[in-house]
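Below is one structure, written out as structure tokens; the observations come after it.
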Amino acid sequence: MISPFSKRVIKIIQKIPAGKVATYGQIASLAGNNKAARQISRILHSSSGKYDLPWHRVINSQGRISLRSGDGLEMQKAILESEGIQIINDRIDLAIFQWKNM
DNA sequence: ATAGTGACTATAG
DNA sequence: GCTATAGCCACTA
């Protein structure tokens, strides 16, 4: 069982189109709590394996991946690049690749 | 109810 | 660019 908030977050994440990324704060804001960025990561952890979440499209506000090397970072980078997202110096240009929920 | 935790964010030095 | 601090919130025990 998951909370309404988590459900909203999951639904939002599933709406992120391939080739785009979203920040934790952005998702939190869309879910109704722009301060709940930290929870996004928790939800990803608890749901990425149970649900079909494109967790790799969720990054931090710097356009960088918060994962530590060996924890899936390499895989995430590979997936993002395969979706057409350019990663320069481990950084993504949010001005171009950030998902706009319109 | 309380305390601990975290794939965050913003600010300061 | 870096670390350190503080704020903020949901989940878990």
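The structure presented is a predicted model; accordingly, all values stated were derived computationally and were not measured. Numbers restart at 1 for each chain; the letters A, B, ... are given by sequence-line order, proteins then strands.
- The shortest distance between the side-chain N/O atoms of A:Thr23 and the OP1/OP2 oxygens of B:dC8 is not below 4.0 Å.
- Figure legend. C:dC8 is base-paired to no nucleotide; pairs are counted as Watson-Crick or G-U wobble with both atom distances under 3.5 Å.
- When each of B:dA10, B:dC8, B:dA7 is scored by its nearest atom to the side-chain atoms of A:Ser61, the top-ranked nucleotide is B:dA10.
- What you find for A:Ala31 and A:Ile12 is that their closest heavy atoms are N-CD1, 3.4 Å.
- What separates CZ of A:Arg42 from P of B:dT5 is a distance of 10 Å, to the nearest Å.
- Rounded to whole Å, the distance from CD1 on A:Ile59 to C1' on B:dA7 is 11 Å.
- Residues A:Arg64 and A:Ile59 approach most closely at O-CB, 3.5 Å, considering heavy atoms.
- Rounded to whole Å, atom C1' of B:dT9 lies 15 Å from atom CZ of A:Arg64.
- Rounding to whole angstrom units, NE2 of residue A:His56 and C1' of B:dA7 are separated by 14 Å.
- The minimum heavy-atom distance linking A:Ile65 with A:Gln76 is given by the pair CG2-OE1, 3.0 Å.
- Taken to the nearest 0.5 Å, the CD1 atom of A:Ile40 stands 13.0 Å off from the NE2 atom of A:His45.
- Residue contacts shown for A:Ser46 are absent, as no nucleic acid heavy atom lies under 4.0 Å away.
- Going from atom CG of A:Leu44 over to atom C1' of B:dT5 covers 16 Å, rounded to whole Å.
- Atom CZ of A:Arg38 is separated from atom P of B:dA7 by 9 Å (rounded to the nearest Å).
- At least one side-chain nitrogen or oxygen of A:Ser66 sits closer than 4.0 Å to the OP1 or OP2 atom of B:dC8.
- For CD of A:Glu81, the number of neighbouring non-hydrogen atoms (other residues, nucleotides, ligands) closer than 6.0 Å is greater than 12.
- Between the C1' atom of B:dA10 and the NZ atom of A:Lys35 lies a distance of 11 Å, rounded to the nearest Å.
- Of the possible polar contacts, one joining the A:Arg57 side chain to the A:Ile16 backbone as a donor-acceptor pair under 3.5 Å is found.
- Across all their heavy atoms, A:Phe97 and A:Gly19 have their closest contact at CD2-O, 3.7 Å.
- When DNA chain C is scanned in the 5' to 3' direction for atoms under 4.0 Å from non-hydrogen atoms of chain A, the outermost contacting nucleotides are C:dG1 to C:dC11.
- At the heavy-atom level, A:Phe5 lies under 4.0 Å from the strands shown only through sugar-phosphate atoms.
- Put simply, CD1 on A:Ile79 is 18 Å from P on B:dA7, counting in whole angstrom units.
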